[in-house]
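Along the sequence shown, residues are numbered consecutively beginning with 1. Atoms within each ligand, like the ligands themselves, are counted from 1 in listed order. Nothing here was measured: the structure is a model prediction, and the numbers come from that model. When reading the values below, keep in mind they use all heavy atoms of this one structure, side chains included, and skip hydrogens, waters and symmetry mates.
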Amino acid sequence: MAHLHTRFVGRAICYEESVTSSNEVLKKLADKNAADGTVCVAEEQTGGKGRLARGWFSPKGKGLWFSLLLKPSFLPQEAPKMTLLSAVAVVRAIREVCQVEAQIKWPNDVLLNGKKLVGILTEMSAEFGHINYLVVGIGINVCVPHDMVPEELRPAAISIADAVEGKVDRVALLAKVLDYLESYYDIACREGFGPILDQWRDYSITLGKQVKVIAPDKTYVGTALDIDETGALQVKKEDGTVETVLAGDVSIRPA
Ligand code: ADP
């Protein structure tokens, strides 16, 4: 790939016309000992995956649907922060290549004009307190025609092409995302995730906002204060107590 400046990320690339899910392809390659940094890119996914068995709509030639294999030496409990790191890398690349102000909704939703532009799904294989590998799947809507999007997703979905004039160079964007994934990953491995979380704060639209939290066990509203060193969201409830949100859906309420 002409524009790529990485040391190991994307140096092995598997390119497929059609896959069920690029994460699934890469997990199979990982089990056959594929190299650290291997990337699988697909023109289309017929069974693209989101979190919690949700789907990711990935029509042919209209997006960047790809996954990255990483073999980090940090502990499994650090892995959720790779999702935040990936969102930071994607937002920075999109801002630079496409000149649009993508933002991050906690933890890893990349939005443009309040609508969903990117999906990120990190999967981990770990045993005995050690990570075998991580697969980070990223789906970026580059030029999905609005009327092609399934009706139920349409109001909340957006593509880069909806916000920019002219053609988006998919290869240049992919190369930039991989460049930033590697450089932020190198920082995280060297210094920990602190600098990455700072960059995440800069790109966040969640912090300082009124939010509604739907956690597995309860639902409440409050103000999103900050993320802690684990990447969890701290929400101050109306009664003044602070909750730490590890998982759950957080929606931003209109002011
Ligand atoms: P969530 O947003 O619920 O955390 P994910 O980030 O995993 O979950 O994304 C999956 C959800 O995104 C799906 O349930 C669907 O509502 C929506 N979705 C699926 N495909 C697309 C797409 N190409 N563009 C925007 N939104 C999509």
Side-chain angles (χ1 to χ4, degrees), residues 18-24 26-27 41-68 79-91 94 98 100 102-124 134-164 168 170 173-174 177 200 203-206 209 211-216 219 224 227 231-233 235 245-253:
S18 181
V19 297
T20 46
S21 141
S22 56
N23 270 28
E24 291 308 313
L26 207 46
K27 282 194 277 181
V41 191
E43 282 297 328
E44 100 176 311
Q45 297 185 105
T46 54
K49 292 195 302 177
R51 290 188 313 150
L52 311 169
R54 291 164 178 160
W56 186 259
F57 178 62
S58 319
K60 196 169 207 112
K62 306 296 184 194
L64 279 173
W65 326 124
F66 65 100
S67 301
L68 165 65
K81 284 183 274 189
M82 271 311 297
T83 301
L84 279 76
L85 181 150
S86 305
V88 168
V90 168
V91 164
I94 289 175
C98 309
V100 293
Q103 292 177 302
I104 307 173
K105 181 166 91 65
W106 184 86
N108 67 332
D109 265 357
V110 175
L111 306 184
L112 182 60
N113 301 334
K115 297 182 176 184
K116 193 156 172 142
L117 182 66
V118 179
I120 300 172
L121 177 68
T122 305
E123 297 185 88
M124 173 166 70
L134 294 176
V135 169
V136 182
I138 298 177
I140 306 176
N141 296 333
V142 176
C143 51
V144 183
H146 213 57
D147 54 9
M148 189 190 266
V149 180
E151 216 171 313
E152 66 280 10
L153 304 180
R154 218 176 282 163
I158 194 167
S159 283
I160 296 172
D162 297 335
V164 300
V168 179
R170 279 193 306 165
L173 180 57
L174 175 60
V177 173
W200 186 96
Y203 291 152
S204 154
I205 42 169
T206 304
K209 297 269 173 51
V211 294
K212 179 177 181 187
V213 180
I214 304 173
T219 297
I227 45 170
L233 185 68
V235 176
V245 189
L246 297 168
D249 280 332
V250 172
S251 57
I252 297 169
R253 310 176 87 210

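Neither the backbone nor the side chain of Ile158 comes within 4.0 Å of ligand 1, counting heavy atoms alone. Neither the backbone nor the side chain of Asn108 has a heavy atom within less than 4.0 Å of ligand 1.
Under the 4.0 angstrom criterion for non-hydrogen atoms, Leu153 is in contact with ligand 1.
In this structure, Asp162 and His146 have side chains that are in contact, with non-hydrogen atoms separated by less than 4.5 Å.
Interface of Ala157 with ligand 1, defined as ligand atoms under 4.0 Å from a residue heavy atom, comprises 24 (N), 25 (C). Within the listing of ligand 1, atoms 7 (O) sit less than 4.0 angstrom from a heavy atom of Gly50. Residue contact check: Asn141 has heavy atoms under 4.0 Å from atoms 22 (C), 23 (N), 24 (N), 25 (C) of ligand 1. Short contacts between ligand 1 and Asp109, defined as distances under 4.0 Å to a heavy atom of the residue, involve ligand atoms 2 (O), 6 (O).
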Go through the steps for Leu173 and Ile160 under the test side-chain contact (heavy atoms from CB on, under 4.5 Å), then give the verdict. CA-CA 11 Å; Leu173 180 57; Ile160 296 172; 3.7 Å; yes
Evaluate the side-chain contact (heavy atoms from CB on, under 4.5 Å) criterion for residues Lys116 and Lys105: first the C-alpha distance (whole Å), next the side-chain angles of each, then the deciding distance (0.1 Å), finally the verdict. CA-CA 10 Å; Lys116 193 156 172 142; Lys105 181 166 91 65; over 6 Å; no
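Protein heavy atom in closest approach to atom 20 (N) of ligand 1: Phe57 N, 2.9 Å. From the protein, the heavy atom lying nearest to atom 4 (O) of ligand 1 is Arg51 NH2, 2.6 Å. Of all protein heavy atoms, the one lying nearest to atom 9 (O) of ligand 1 is Lys116 NZ, 3.2 Å. Trp56 CZ3, 3.3 Å is the protein heavy atom nearest to atom 27 (C) of ligand 1.
The two atoms that bring Thr206 and Trp106 nearest to each other are OG1-N, 2.8 Å, heavy atoms only. Scanning both residues, Ser18 and Glu44, for their nearest heavy atoms gives OG-OE2, 3.0 Å. Considering all non-hydrogen atoms of both residues, Ala89 and Val177 come closest at CB-O, 4.3 Å.
The heavy atom nearest to atom 10 (C) of ligand 1, considering only Gly55, Gly119, Ser159, is found in Gly55.
Residue Arg54 places at least one N or O, backbone or side chain, under 3.5 Å from an N or O of ligand 1.
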